[in-house]
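Notes to accompany the following structure.
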Number of protein chains: 2
Amino acid sequence: MRDCRRPFRLVEPERMSACDTCIVRNRAICAGLEHPEITALSAMGRRRSVSAGEPLIWEDDDSLLVANVIEGVLKLTTSTADGREQIVGVAYPSDFIGRPFGQTSAASVVALTDARVCVFARNDFDRFAREHPELEHKLLERTLAELDRTRAWMMPLGRKSAPEKIATFLLDMSERLADNGCMAHTGPARNFTLPFSRQQVADLLGLTIETVSRQFTKLKADGVVALPGRRDVEILDRSALEMLAG
Amino acid sequence: MRDCRRPFRLVEPERMSACDTCIVRNRAICAGLEHPEITALSAMGRRRSVSAGEPLIWEDDDSLLVANVIEGVLKLTTSTADGREQIVGVAYPSDFIGRPFGQTSAASVVALTDARVCVFARNDFDRFAREHPELEHKLLERTLAELDRTRAWMMPLGRKSAPEKIATFLLDMSERLADNGCMAHTGPARNFTLPFSRQQVADLLGLTIETVSRQFTKLKADGVVALPGRRDVEILDRSALEMLAG
DNA sequence: GTTCCAGTTTGATTTCGGTCAAGGATCGTA
DNA sequence: TACGATCCTTGACCGAAATCAAACTGGAAC
């Protein structure tokens with residue numbers, strides 16, 4: 001992840017905060033906030049590390065905290081009583097997680113990789129957001145984009161076959177895992193490392209781990225992708241993948 | 001749909017607008033706006049009727065308009081090139097539709113029943129919203145709730161069996177089609193009329209029309225529901241339905 | 001009433017993806 | 001480098017839902 005802070009600016013020492021050196025400072029919802037607002041927000045929040053597999057928010061629990069993702073990848077999931085799981089969202093650096101303005105969280109949030117987040121007590125954040133329309137606007141834009149993305153994902157889930165799901169997933173990953181720093185778009189990645197285990201890919205696509213494995217093997221056998229490591233993907237024939245995605 | 005306007009208030013005749021008699025005035029995002037804001041908003045919008053089956057917004061088209069639903073039910077859908085369809089959302093009276101702050105619409109919007117909507121040019125609406133934080137806040141709350149609802153629907157789509165999907169669907173309909181006027185909650189409806197054909201239920205659940213039909217027939221045979229008309233449902237054994245929903 | 005027709009139901013058959021079971025690869029740790 | 005645990009792959013088989021096909025139903029128009 002490329003660092004893309006604004007050019008360094010001198011600030012009075014007592015106003016120096018973690019935000020000034022935050023690597024997602026210009027991409028997260030706090031972008032655009034200036035002193036003294038950023039100082040006030042910074043005072044409310046604290047940084048936290050979450051190791052891979054560790055939960056941050058529990059489904060149906062009281063919504064007590066919200067956060068910005070600084071580093072790492074987290075999954076949002078819902079589960080049934082008998083243990084079936086569906087991944088309903090994935091949060092990358094600069095993404096916002098948690099449920100502001102609501103009593104309960106509809107999904108669990110669990111780190112997929114070691115992650116760092118910038119957490120806020122939800123009621124503090126709610127109050128601050130209501131007093132800062134620019135922040136609320138950023139949050140609205142982000143929420144609308146996430147809603148679009150979530151709806152777009154319902155098509156593969158409900159209507160696509162296993163091969164189509166896998167191809168759609170790989171193309172999606174190739175775009176989201178492209179270097180999304182501050183430089184000009186570099187286009188979709190040809191090589192990338194999935195933040196998911198096979199089981200997690202299955203939970204994202206509504207398949208079983210065996211079916212996911214078989215589809216990966218098939219793509220490799222057909223020369224569409226190379227799989228140099230358990231989680232590494234190299235796209236050898238993008239147009240074939242696009243055809244398969246339907 | 002019960003009328004639930006605020007108590008009648010005298011206003012100067014020249015300020016009288018359609019909003020003053022709007023049946024969703026207190027539930028849509030315009031709730032809370034007072035004169036002269038409501039007058040300004042009203043001047044930007046116009047009412048439109050959409051008959052059942054008629055489209056209002058096309059997928060991937062430029063996002064030119066947004067709207068409040070006044071009356072009727074509309075579906076939001078995405079389609080593949082080969083004609084498969086997935087319903088990704090359903091809009092009821094007082095719901096907001098369209099994609100503000102974005103260039104293109106991610107889903108088509110088509111009326112399921114005859115409907116009336118209050119439409120705005122998107123760029124007019126965007127400008128007005130940015131100048132009225134209270135309106136943006138309402139839109140944010142609504143978008144967050146819709147995101148929760150959409151994510152919750154991914155579990156049935158990806159992980160549930162056909163009988164579970166149908167049971168989940170009927171329970172959901174029973175709640176959303178309950179009298180949602182201004183009176184105290186009356187609880188889920190026991191009798192209701194679906195705004196969907198069998199094919200549309202299939203498009204919502206990621207099933208085929210035949211499977212939907214068979215599942216309905218089974219529920220009737222088992223005495224869980226009665227089906228007095230093509231689209232009419234009476235829930236005879238709610239706890240059985242809840243068991244089946246998983 | 002009769003006809004027409006879209007929408008729905010029912011039946012027969014197929015197939016895709018799930019389930020069950022076993023074996024293999026990879027990684028962290030000692 | 002050996003061990004163990006976890007994750008992944010592969011195979012055999014099964015079953016739920018899709019597909020293909022045909023018959024039925026209930027309004028709308030005449």
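Protein chains get the first letters and strands the later ones, always in sequence-line order, with residue 1 at the start of each. Any value given below was found using the heavy atoms of this structure, including those in side chains, with hydrogens, waters and symmetry copies removed.
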Short side-chain to backbone donor-acceptor contact, [X] and [Y], under 3.5 Å:
X     : Y      : value
A:E71 : A:V117 : no
B:K75 : B:V110 : no
B:D95 : B:Y92  : yes

Just how far, in rounded Å, is [atom2] of [N] from [atom1] of [X]?
X      : N      : atom1 : atom2 : value
A:F216 : C:dA25 : CZ    : C1'   : 17 Å
A:K218 : D:dT10 : NZ    : C1'   : 16 Å
A:K160 : D:dA17 : NZ    : P     : 22 Å
B:I166 : D:dA16 : CD1   : P     : 16 Å
B:L227 : C:dT8  : CG    : P     : 12 Å
B:D82  : D:dA18 : CG    : C1'   : 15 Å
B:D232 : D:dG26 : CG    : C1'   : 13 Å

Go through D:dT25, C:dA25, D:dA17 for me and flag the one nearest to the A:R230 side chain.
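For the A:R230 side chain, the nearest candidate turns out to be C:dA25.
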Can you sort out which residues in residues 192-212 of chain B have a heavy atom within less than 4.0 Å of DNA chain D? Ascending by number, please.
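The stretch gives B:G206, B:L207, B:T208, B:E210, B:T211 as the residues lying under 4.0 Å from the strand, ordered by number.
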Toward the 5' end of DNA chain C, by each residue's nearest nucleotide, A:P228 or A:R214
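Upstream on the strand: A:R214.
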Pairwise 5' ranking along DNA chain C for B:R231 and B:R159, keeping only the more 5' one:
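Going by which nucleotide is closer to the 5' end, it is B:R231.
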Compare side-chain N and O positions of B:T217 against OP1 and OP2 of C:dT10 and report whether any pair is under 4.0 Å apart.
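So the side chain of B:T217 is within the cut-off, an N or O lying under 4.0 Å from OP1 or OP2 of C:dT10.
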Residues in ring-ring contact (aromatic ring centres under 6.0 Å, His included) with B:F216, at least two apart?
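In terms of ring-ring contact (aromatic ring centres under 6.0 Å, His included), with neighbours along the sequence ignored, B:F216 is linked to no residue.
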Kindly write out the residues that satisfy salt bridge (charged side-chain N to carboxylate O under 4.0 Å, His left out) with B:D62, not counting sequence neighbours, or none if the list is empty.
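Partners of B:D62 by the salt bridge (charged side-chain N to carboxylate O under 4.0 Å, His left out) criterion come out as none, since no residue qualifies.
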For the residue pair B:I97 and B:A91, what are the closest heavy atoms and their distance?
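That closest heavy-atom pairing would be CG2-CB, 3.5 Å.
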Give the minimum heavy-atom separation between A:A107 and A:I57, together with the two atoms involved.
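The answer is O-CG2, 3.9 Å.
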